[in-house]
Each structure stands twice: as C-alpha cells, then as structure tokens.
Amino acid sequence: MVEENNSSTPDNAMWTIQGRERPSASQRLHNLTSATSSPLASSSLPLPQNIFTNPAIQPSSVINLSHSTDVVIGPMTQYQGPVSIYYMDASMEAHAMQTAAGINSNGIGNANRSRDSSPSKRLTRNTILLITLILLVLATGLIVLYVELNRPKPELPSNKAIYFGNTYDHDTFPNLGNGHLVIDREQWGAAKTTPALTIPLKRPIPYVLITHIGVQSLPCENIYKCSIKMRTIQDSAIAEKSLPDIQSNFYVSDEGNIYVGRGWDWANTYANQTLAVTFMGDYGRFQPSAKQLEGVQFLLAHAVANGALEVDYKLVAQNQTRTSKSPGAYVYREIRKWPHFYGCGMDDGPACGVELGMKPESWDAKQ
C-alpha cells in the first residue's frame, strides 16, 4: 500500500509524464499473467522486472523530469560565443520600414529609368531633336532669304555721272569694275614736254576705232611692264613719227587694265570723230585674253553711261577704214561678235563715216 500511494517514486513519475494513472498491483499481475499465456509472449524473451523501476536502464524515449522550469523537447541548436542583443523601439522600426520602402521605390525608379533609357527610346528622342534642329535651320534660312529678297534696293540717280579720272585716294587707282584699273598718264610716266594738242574731241562720239600695236609686240602682263611699253610708244610717236603725243585715246593691257593716252578731251591721230582704243600687243600672232576683251567692253559701257559715246555708236576695226592688218586677225574675229560692230568698208557695205561727211583721208589724219 505504501508503494502505490508514493507518488514521488520514479515509477510513478513515468506514468504521470505519459498522462495516465499507474495500474494497481492486481492489474499488473493480470497483465503479466495474460502476457505469458499468449503465444507472442511465450516466444519472446522475458522482460526484466526492473526495467520500470531502475532509472539506469530506462529507454531513451522516457524522460524523467523533476522540479524543472525551462524544458525543450526536440532538436535544439546551441551557439557558443558572444551574442549582441539590440533593443528596437517603435520609432526605429518605423525608420527601418521607411528605408525598406525607399529601397523598393528606388529599385522601381531605376527600372523605369533603365526602361526609359533603352536604345530604341534614345534613338527616337535623338531623331526628334535632329528633325527639330533641321526645321529651325530651314525656317531661319527662309526668313533670311525673304528679308533679303524684299529689302528695298537703293536707286541710283539717273543724272549722277560716273566719274573717270583722278577720283581715287592717295596712290590707289580708279576702277571701272570687276578689277579693271585705270592707269592715268602721271602714273605710267607720260612725258610732260610734248607739244600741246590742238584738236578737241567732240562728244558724244559717233565711232569707236579698234587698233593694236602690232610689229611683233608682246602683250604686257603687269603695270610695271605696261608702263614701260606706254613710254616707249610715246617716245616713238614723238621722235620717229613727229606726232605731238601718243596715238590713241586709250590702251588696254593683257591683264585688262586701261591706260590713258590722249584721254577723253583730245582727238587721236587716226580720225577726229572717233574714240581710238588700242590692244597692247601683236594680235595677228597672239590671242587677246578674256580680261582684255572685258576691259574694252567696260570702258565703252562707261563712256556711254557718261555721255562720251553716242548710245548707238558704231564700232569698226582699223582695217575697215584703210589698208592695214590692225587690229590683228584674232581681235577682229572677236569684235565682230559685239552688238555695236558696224560692217562698213566690207564687201558691198558703205564707206565708214560717209554719213558724217568723212572722206577716206579722214581716217589717216596723222595728228
């Protein structure tokens, strides 16, 4: 009886942990008797009697607990080492949540930016910018063109003369346009001891007479060489031909510059009612340059504009007025294409100057 009521024994503890009441002595004797009488029990080894009473040989699944507070049943990981314990209050927890939310939003923003900066979208954006720039340039060009086309052009007064002579500053030359310089007598070194010219040139002049120097003369190419040639021609006219001055009114060099001979005021040595223009060279051998031909045309246009020549003046070559090779076959071939060329003295054409009462000897005045 004492054994049954002693609940502090190990045997009682085993049954208590299993959640059942320990059987009485008569029940345990009955169980043992029935076990030995069954075939299974007869074939099995007898269990030791002290398996439930001896704590040293209890099975591993049986746990005896006595006066214990912290009990862990199951696998447990143990960590041996220093452990830091942090305390997190509500404000720190909220900050951590905000940080996590910020990271998520940055991740989404970076994803969006990466999608926005994809090559296709960048290409589209660059294409739009390029098209916009091209349109702006075209619009600006159209505006500038419109302004230039609609800008009022200054009108030159019709009564204003185009000056020709010493209207230049310092040591520069007057210019007929397009680079055709006018070299005055003082600039090419004309002699000042010549006899005075006596026959004035009446204007407007009805005829233009074209000649050349001839006698295998080389075309001059610059102001220095052409000035020497002009002085040589003048010296020859005075010393050898007993003329008062150089023969023609104007001379044109190979580079297209105009050299002043007798000028606008005095008659030349060929005919009193003509403006004599001489090509400086032998143009039976050499071809005139384009600048040289243009220089003559600029000179004649200037003369018409200033009233020195008649508007419907007649242009003739020296070989049309007398037996001569002047102005050379190459120059003659060119001037025949000019609009004011007059075919007098050719084939069945009238004599040059006959309408003015000029006679054949009028074209060889020698003055």
Side-chain angles (χ1 to χ4, degrees), residues 194-215 217 233-234 236-252 258-284 288 296-297 299-304 306-367:
T194 58
L197 296 172
T198 58
I199 302 176
L201 185 58
K202 298 180 180 180
R203 292 177 284 181
I205 307 168
Y207 272 84
V208 173
L209 180 66
I210 302 296
T211 70
H212 76 158
I213 295 175
V215 294
S217 176
I233 295 171
Q234 186 186 42
S236 175
I238 296 172
E240 298 177 9
K241 299 179 182 180
S242 301
L243 296 173
D245 199 355
I246 197 169
Q247 291 97 319
S248 290
N249 298 101
F250 295 98
Y251 293 78
V252 185
I258 310 299
Y259 290 79
V260 180
R262 296 193 181 189
W264 301 108
D265 298 327
W266 301 101
N268 57 69
T269 193
Y270 305 110
N272 294 344
Q273 301 186 59
T274 65
L275 181 74
V277 180
T278 299
F279 283 75
M280 298 175 69
D282 184 354
Y283 293 95
V296 175
Q297 292 172 325
L299 174 66
L300 299 181
H302 163 82
V304 172
N306 286 275
L309 275 179
E310 290 185 357
V311 177
D312 57 348
Y313 69 89
K314 298 177 176 64
L315 185 142
V316 298
Q318 188 177 19
N319 59 2
Q320 295 176 239
T321 63
R322 53 175 292 189
T323 303
S324 173
K325 294 182 180 180
S326 178
Y330 291 114
V331 169
Y332 184 66
R333 183 180 62 188
E334 294 295 330
I335 65 173
R336 290 187 65 176
K337 305 173 186 177
W338 294 2
H340 285 270
F341 179 79
Y342 182 52
C344 61
M346 300 172 56
D347 301 331
D348 296 334
C352 296
V354 66
E355 74 279 8
L356 300 176
M358 296 177 64
K359 298 180 180 179
E361 58 267 21
S362 300
W363 294 97
D364 191 12
K366 296 182 179 180
Q367 57 184 5

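Between the CG atom of Leu300 and the CG atom of Leu309 there is a distance of 6.0 Å, given to the nearest 0.5 Å. One finds the CD1 atom of Ile199 at 9.5 Å from the CH2 atom of Trp266 (value rounded to the nearest 0.5 Å). Rounding to the nearest 0.5 Å places CD of Gln297 at 11.0 Å from CD1 of Ile335. For the atom pair Lys314 NZ and Thr274 OG1, the distance stands at 13.5 Å (nearest 0.5 Å). Distance check, rounded to the nearest 0.5 Å: CD of Gln247 to CD1 of Ile213 gives 9.0 Å. Note that OH of Tyr259 is 14.0 Å distant from OG1 of Thr278, once rounded to the nearest 0.5 Å.
Asp245 and Gln234 share a donor-acceptor pair across their side chains, judged by distance under 3.5 Å alone.
Checking side-chain atoms of Thr321 against main-chain N and O of Gln318 turns up a donor-acceptor pair under 3.5 Å. Proximity of a side-chain donor or acceptor of Arg262 to a complementary backbone N or O of Ala267 within less than 3.5 Å is detected. Within the 3.5 Å criterion, the main-chain N or O of Ala308 finds no donor-acceptor partner in the side chain of Asn306. The closest donor-acceptor contact from the side chain of Asp282 to the backbone of Gly284 lies under 3.5 Å.
Contact of the Phe279 side chain with the Ile210 side chain is registered, since non-hydrogen atoms from C-beta on lie closer than 4.5 Å. A heavy-atom distance below 4.5 Å is found between the side chains of Phe250 and Val260. A heavy-atom distance below 4.5 Å is not found between the side chains of Glu334 and Pro327.
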Exercise for the section: Determine, step by step, whether Trp338 and Val296 satisfy the side chain to side chain contact (heavy atoms under 4.5 Å, CB included) criterion, reporting the C-alpha distance in whole Å, the side-chain angles of both residues, the deciding distance to 0.1 Å, and the verdict. Expected result: CA-CA 11 Å; Trp338 294 2; Val296 175; 3.8 Å; yes

Exercise for the section: Give the intermediate values and the outcome of side chain to side chain contact (heavy atoms under 4.5 Å, CB included) for residues Val208 and His340. Expected result: CA-CA 9 Å; Val208 173; His340 285 270; over 6 Å; no

Practice task
Check the pair Met346 / Gln320 against side chain to side chain contact (heavy atoms under 4.5 Å, CB included), numbers first and verdict last.
Solution key: CA-CA 7 Å; Met346 300 172 56; Gln320 295 176 239; 3.9 Å; yes

Exercise for the section: Show your reasoning for whether side chain to side chain contact (heavy atoms under 4.5 Å, CB included) applies to Leu201 and Trp264. Expected result: CA-CA 7 Å; Leu201 185 58; Trp264 301 108; 5.7 Å; no

Exercise for the section: Could you walk me through whether Asp265 and Arg203 pass the salt bridge (charged side-chain N to carboxylate O under 4.0 Å, His left out) test, one step at a time? Expected result: CA-CA 9 Å; Asp265 298 327; Arg203 292 177 284 181; 3.5 Å; yes

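Scanning all heavy atoms of the two residues, the minimum distance from Tyr330 to Pro288 falls at CB-CD, 3.8 Å. Counting all heavy atoms, side chain and backbone alike, Val311 lies closest to Val304 at CA-CG1, 4.3 Å. The shortest non-hydrogen separation linking Tyr207 to Gly353 is OH-N, 3.0 Å. Nearest heavy-atom pair across Trp363 and Cys352 is NE1-O, 3.0 Å. Between Ala276 and Asn249 the shortest heavy-atom distance is N-OD1, 2.9 Å. Contact between Tyr332 and Ala317 at its shortest, heavy atoms only, is CD1-CB, 3.5 Å.
Classified by interplanar angle (parallel below 30°, tilted 30° to 60°, perpendicular above 60°), the ring pair Tyr283/His212 is tilted.
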